[in-house]
Amino acid sequence: MCIVGLSLMVGSCATRNAALQKKGSLMERTANGVSIQSALSAEDSLRYDYFFLESVRQENAGHYAAAYDLLQHALKINPYAAEAYFAESVYLSELKQDSLALNHLEKAAALNPDNSYYIERVAQYYTNAKDYAKAIESFENLYARNRDREDVLEILLRLYQQQKDYDKMLSTINRIEQIEGESEGIILSKMQVYELKGDKKSAFGVLKKLSDAHPSDLNYKVMMGNWLMQNKREKEAYQIFSAALKEEPDNAYVQSSMADYYQAMGQDSLANQMKVQMLLSPKTSSESRITLLQQAVRDNQQQGGDSTKILRLFQRVMAAHPKDADVAGLNAAYMSLKKMPQDSVLKAYQHVIDIAPDNAAARFQLIQAEWAKKNWDKVIDLSKPALEYNPEEMAFYYFLGVAYYQKNNADMALNTFQKGVSEINSQSDPNIVSDFYGFMGDILHQKGRADEAYAAYDSCLQWKVDNVECLNNYAYFLSQENRELQKAEQMSYKTVQAEPRNSTFLDTYAWILFRQGRYAEAKIYADQAVLNDTDSVQSGVVLEHAGDIHAKLGDMAAALDFWKKALRAGGVDNQAILERKIKLKKYIK
C-alpha cells in the first residue's frame with residue numbers, strides 16, 4: 001500500500017440500471033431526517049410501475065428523451081421513489097445540471113438508506129466536486145454498512161490525506177490492517193504518515209519494529225540505515241551498513257546504500273570502489289548495472305569526459321558478465337557517441353547480436369552502416385535473421401526488400417514486401433508501409449501485372465497521400481499506356497510542386513502534357529527537366545522526350561540535337577525507334 005501521490009478521482013462503477021432496486025408500494029422512508037409514510041393506492045402503484053419500467057425500456061432502446069419524460073411522470077405519481085430519483089440524477093448529470101443531480105442522488109440515498117450503491121454514488125459525487133468533508137462523511141457511512149469493503153477504506157485514506165488529517169489516516173490504516181493482517185506495506189504506510197505528521201520518533205519506531213520482526217532480512221536493516229541517513233544520523237547509519245556488509249558482502253542493496261553513504265560524506269574514492277564492486281558482482285541485477293554505468297558516464301562527463309576511463313570500465317564489466325547484452329549494447333552506444341573508429345563501433349554492435357541475436361537496436365545500427373556503403377549482400381545477411389527474431393519490426397522487411405530490389409532480385413523483393421504488409425497494424429509507421437506498397441507497385445509493373453501494380457500504388461497513397469515517388473511512377477506508367485491522363489496529370493503536378501527542380505518529376509509531367517497534345521506547355525517542363533538533369537551522364541529518356549516535344553512544335557533542329565544526345569547517353573526505351581527518328585528527321589511513335 002502506498003498513500004502518497006494517489007489520485008482522488010473516483011469513477012462511476014456501474015450502469016444506470018444497476019441500482020434501480022424497487023421496493024413494494026407501501027414503504028416507510030426517511031428523507032432529510034423526517035419520517036414519511038408513503039402509501040400508494042393499488043391503482044397508483046400499478047401506474048407508477050408502468051411508467052417507471054417503461055422509462056427503463058425506452059432507455060434501453062436508446063430513446064433517452066422519452067425515458068426522461070416518463071421518469072418525471074413516475075415521480076409525480078410517487079414522489080418518494082428512490083430508484084426514480086437515482087435514475088433521473090444520471091440524466092441530470094449528463095445534462096450538466098450538477099446541483100440538481102446531486103440533490104436527486106441525496107434524495108435517493110435518504111429514501112433508501114439500505115442501498116449502498118446510492119450512498120457510494122453520493123460519496124463519489126462529493127469527491128469529484130472536491131467537497132472532501134462531505135465525501136468523508138458519506139464514505140464512512142458506506143463503510144459502516146459494509147465492513148468488508150477494503151476499497152472504501154483505501155478511498156478514505158486518500159481523502160484524509162487530502163485533508164491532512166493524519167490521525168484519521170492512521171486509524172484508517174489500522175482498520176485496513178484488521179482486514180488484511182499485518183504486512184510490510186501497511187507498516188511502511190504507517191511510517192509515511194508519521195513522516196507527514198512530523199513525528200520522527202514514531203516513524204523510526206515503526207520501521208525498527210518491522211526490522212526486529214524480520215531479523216534475518218537485511219533489507220529492513222538497510223531501510224533503517226537509509227532512514228537514518230535521510231535524517232542526518234550518519235554514524236548510526238554507517239554502523240548498520242557496515243554490519244550488513246560483513247553479513248552479506250555481495251548484497252547489492254547494502255552495497256548501494258554504503259556507496260550513497262560514502263558519496264554523502266565526500267569520500268568519492270570509496271564510493272567509486274563500492275560501485276565497481278557492485279558492477280562486477282554476479283548478484284547485481286542487469287538493470288542495476290546499467291543504472292550504475294549510466295551514472296558513471298554522467299559523472300565522467302562532469303569531470304572532463306575522459307572516455308578511456310569509461311571504456312576500461314566497460315571492458316571490466318563485460319569480462320565479468322560476458323552474456324549481459326544490455327551492458328554490451330550500452331558500451332557500443334557509448335563508443336558511437338564518442339565517435340570511435342567505425343570498425344570498432346561496428347565490432348561492438350556485432351558483439352551485442354552475437355550475445356543476443358534478437359537485439360533489434362544493435363542489428364539496426366549494423367544494417368544502417370552497410371546500407372550507407374550500399375553493401376546489399378551484407379544488408380541481406382543481417383536482415384534475414386532479423387525477421388526470425390523480430391517479425392513485427394517493419395523496418396527489417398524494408399531493408400531486406402530494398403536490398404533484394406537493388407540486387408535485381410525482383411521475386412525475393414516482392415515476396416519480402418508482401419510478408420511485410422502482412423504485419424501491418426494500427427501502430428505501423430505510415431511512411432514505411434507506404435514505401436512497401438510503392439515498391440510492390442514498381443515490381444508488379446515490371447512483371448507486366450499492371451492492374452495489381454495500380455492497386456498497390458492506391459494502397460501506397462492511402463497510407464501517405466504525398467508519397468512523391470509513388471505519385472510520379474503511377475502517373476508515368478498511366479501516361480505510357482495513354483490511360484487516365486487527367487488523373488496522371490493531377491498526380492504528377494503534385495510531385496512538381498513538391499520538388500520543382502527534380503528532373504525526373506519534370507520529365508514525367510512534360511510527357512503527360514505531351515500525351516494530351518499540349519505541346520507548348522510540355523516544352524516548358526521538358527526544357528526544365530533537361531536543365532535540372534545535372535548528372536554527369538544525362539538521362540537518355542529525358543533527352544528523347546525533349547526531342548519528341550520539340551519535334552511536335554516544328555523545331556526539328558533542337559529535336560535532332562536532343563535525340564542525338566539521347567542516343568549517346570543510352571538507356572532509352574527503344575533504341576531502334578530513336579535511330580529511325582534521327583535518320584528520318586521526324587517524330588515516330
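Keep in mind that this is a model prediction, so the values were computed, not measured. Heads up: numbering here begins at 1 and tracks the sequence.
- Each of L293, V297, T291, D299 was compared with Q295 under the side-chain contact (heavy atoms from CB on, under 4.5 Å) criterion, and only D299 meets it.
- Ring-plane geometry between W376 and W371 is classed as perpendicular, the angle between the planes exceeding 60 degrees on a 0 to 90 degree scale with a lower cut at 30.
- In this structure, D377 pairs ionically with K407, as a charged nitrogen and a carboxylate oxygen lie closer than 4.0 Å.
- Exactly one of K494, E521, E489 qualifies for a side-chain contact (heavy atoms from CB on, under 4.5 Å) with Y509. That residue is E489.
- Under the 4.0 Å criterion applied to side-chain N and carboxylate O atoms, D343 and K347 are not assigned as salt-bridge partners.
- In this structure, I588 CD1 and R580 CZ are separated by 4.5 Å, a value rounded to the nearest 0.5 Å.
- In this pair, Y457 and F477 present their aromatic rings parallel. The plane angle is below 30°, not in the 30 to 60° band.
- Listed by first and then second residue, the side chain to side chain donor-acceptor pair (under 3.5 Å) pairs involving residues 408-418 are D411-K447 (not counting sequence neighbours).
- Checked against salt bridge (charged side-chain N to carboxylate O under 4.0 Å, His left out), R289 has the following partners two or more places apart in sequence or in another chain: D324.
- Between Y519 and H550 there is no side-chain heavy-atom pair separated by less than 4.5 Å.
- To the nearest 0.5 Å, atom CZ of residue R483 and atom OH of residue Y454 are 5.0 Å apart.
- Using a cutoff of 4.0 Å between basic side-chain nitrogens and carboxylate oxygens, K581 and D548 are scored as salt-bridged.
- Taking the six-membered ring where tryptophan is involved, the planes of H545 and Y476 are tilted, since the angle between them lies from 30° to 60°.
- Using modelled atom types and a 3.5 Å distance limit, the side chains of E469 and N473 yield no donor-acceptor pair.
- Y405 has its ring centre less than 6.0 Å from the ring centre of F439.
- You'll find the side chain of L400 reaches within 4.5 Å of the side chain of I380, heavy atoms only.
- Using modelled atom types and a 3.5 Å distance limit, the side chains of D458 and Y474 yield a donor-acceptor pair.
- In this structure, the side chain to side chain contact (heavy atoms under 4.5 Å, CB included) partners of A522, at least two apart in sequence or on a different chain, are L513, F514, I549.
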